[in-house]
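Please read these numbers as outputs of a predicted model, since none were measured by experiment.
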Amino acid sequence: MVLVLLLLILLPLLYFIVRPRPIKIPINNRHVFITGGSSGIGLALAHRAAAEGARVSIMARSLTKLEEAKNSVKNATGIEVAIYAADVRDYDAVKKAVDEAGPIDVLLLNHGVFYALELEKMELSEVKFTLDVNLMGCLNMIKAVLPEMKNRKDPLPVSIAFVSSQAGQVGIYGYVAYSASKFGLRGLAEALQQEVIGDNIHVSLIFPPDTDTPGLVEENKRKPELTKIIASSSGFMKADEVAQKAFDGIRRGSFMISCNLEGIALSLATAGLSPQRSFLMAFVEVVAAGILRFAALCFQWNWYGSIEKWHKEKKCGSTEST
């Protein structure tokens, strides 16, 4: 009886304190600008945005791939997308593309690079490249977009959304540089949301699992065996499924956007001090916190068990060969 009473008190309390407040962000007839939009999740996001009636711009480094992506969207939806060839590491090139594109209502920061390799085996140039593209590239884009986004004449709410990764919620063997860059996005997004909420700008973090993209094919060629074992527990999705989940979350102004059941559990377990618009989700986070911490410890037990087993088998193989 006491427990039921506490839960009944908790619900209205959470309804009162959750911040930011719930919001609806329209996509139809808005300008959606997508980085890394020439393939994979980025191209799927472009297809989805066009299908929902948005004006779409995509940016990537390769003009050839951008032209192919433009034709793909046109053939599928009949919508003509604008294309911009620029490297997110080059602020001047980014600023030029943003100025040419015009006012942006939804900025989707989807670009990214990935090296699945133990830190000891990585070149420092690969580490730096990962951080420069995945983290500094986002800062360059936001820096270029923000002034006009803040000074827009349209009173409707707008969005800045980061395509992160479940490796931006939990560190995984072989993902040292990648996880560092994606964890950095979490801090960037939390701080940025506080800075721009007064301008009716709403920040989202999208956390897809392994997704069926050309990038994943290349990634798997170098991915350590242990990484494959541990990452397999998070499931696998198609790019268009991730795009659908992304826009569903953006429309709601959700700060953390999960793409599958494992992702929902991971977001609940790592909610921490992140903003939460839904008082019902806040209720689940509060009530489930202890249980999810236990579940997280079970995952760690399983992962470290796999690591220990792999090292033992490796040592036994080395002993036998000698």
Side-chain angles (χ1 to χ4, degrees), residues 35-36 39-42 61 87-90 109-141 162-191 205-236 256 259 262-263 266-267 269-270 272 296-319 321:
T35 64
S39 65
I41 293 174
R61 286 179 293 173
D87 189 327
V88 292
R89 295 173 297 167
D90 183 343
L109 298 165
N110 168 74
H111 61 272
V113 294
F114 183 79
Y115 294 97
L117 204 62
E118 295 93 337
L119 179 61
E120 186 180 6
K121 297 177 182 178
M122 289 184 75
E123 298 293 335
L124 283 176
S125 59
E126 293 176 321
V127 176
K128 186 177 185 302
F129 182 58
T130 301
L131 295 173
D132 283 348
V133 172
N134 296 1
L135 187 55
M136 279 305 302
C138 287
L139 287 163
N140 284 339
M141 285 299 306
F162 301 84
V163 178
S164 181
S165 164
Q166 289 182 356
Q169 295 176 288
V170 59
I172 299 294
Y173 184 103
Y175 286 18
V176 172
Y178 185 69
S179 282
S181 69
K182 294 299 186 177
F183 267 80
L185 293 182
R186 171 75 177 263
L188 192 169
E190 289 186 1
L205 274 168
I206 303 157
F207 296 107
D210 278 350
T211 306
D212 186 13
T213 65
L216 182 65
V217 174
E218 290 302 312
E219 168 192 325
N220 284 335
K221 292 177 181 178
R222 294 180 69 188
K223 187 181 286 185
E225 190 62 33
L226 268 175
T227 307
K228 293 178 183 177
I229 293 169
I230 295 171
S232 65
S233 63
S234 67
F236 181 84
M256 298 174 74
C259 298
E262 294 87 350
L266 196 53
S267 291
T270 60
L297 291 171
C298 290
F299 271 108
Q300 292 290 344
W301 170 75
N302 180 52
W303 292 339
Y304 278 96
S306 297
I307 293 169
E308 289 171 9
K309 180 181 178 182
W310 185 83
H311 280 294
K312 283 180 181 178
E313 290 176 352
K314 188 178 179 182
K315 287 178 181 178
C316 288
S318 298
T319 303
S321 63

Using 0.5 Å steps for rounding, measure from the [atom1] atom of [X] to the [atom2] atom of [Y].
| X | Y | atom1 | atom2 | answer |
| --- | --- | --- | --- | --- |
| L109 | L135 | CG | CG | 11.0 Å |
| R186 | T270 | CZ | OG1 | 5.0 Å |
| S306 | K228 | OG | NZ | 15.0 Å |
| Q169 | M256 | CD | CE | 5.0 Å |
| F114 | S181 | CZ | OG | 9.0 Å |
| I172 | Q166 | CD1 | CD | 9.0 Å |

State whether the number of non-hydrogen atoms from other residues, nucleotides or ligands found under 6.0 Å of L297 atom CG is greater than 12.
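Yes - once you tally the heavy atoms of other residues, nucleotides and ligands closer than 6.0 Å, there are more than 12.
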At their closest point, which heavy atom of [X] faces which heavy atom of [Y], and how far apart are they?
| X | Y | result |
| --- | --- | --- |
| K182 | V163 | NZ-O, 3.0 Å |
| L131 | A177 | CD2-O, 4.1 Å |
| G174 | T227 | CA-OG1, 3.7 Å |
| Y178 | S164 | OH-O, 4.3 Å |
| G36 | N110 | O-ND2, 2.9 Å |
| A167 | S179 | O-OG, 2.8 Å |

Is there side-chain contact between [X] and [Y], with heavy atoms separated by less than 4.5 Å?
| X | Y | result |
| --- | --- | --- |
| Y173 | I229 | no |
| K128 | M136 | no |
| K223 | Y175 | yes |
| I230 | I307 | yes |
| N134 | L185 | no |
| Q300 | W303 | yes |
| F299 | V170 | no |
| L266 | F207 | no |

Are any of the side-chain nitrogens in E308 or K312 under 4.0 Å away from the carboxylate oxygens of its partner?
no
Partner set under salt bridge (charged side-chain N to carboxylate O under 4.0 Å, His left out) for D87, not counting sequence neighbours
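R89.
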Backbone of [Y] reached by a side-chain donor or acceptor of [X] within 3.5 Å:
| X | Y | value |
| --- | --- | --- |
| T213 | I41 | no |
| D210 | F236 | no |
| T211 | P209 | yes |

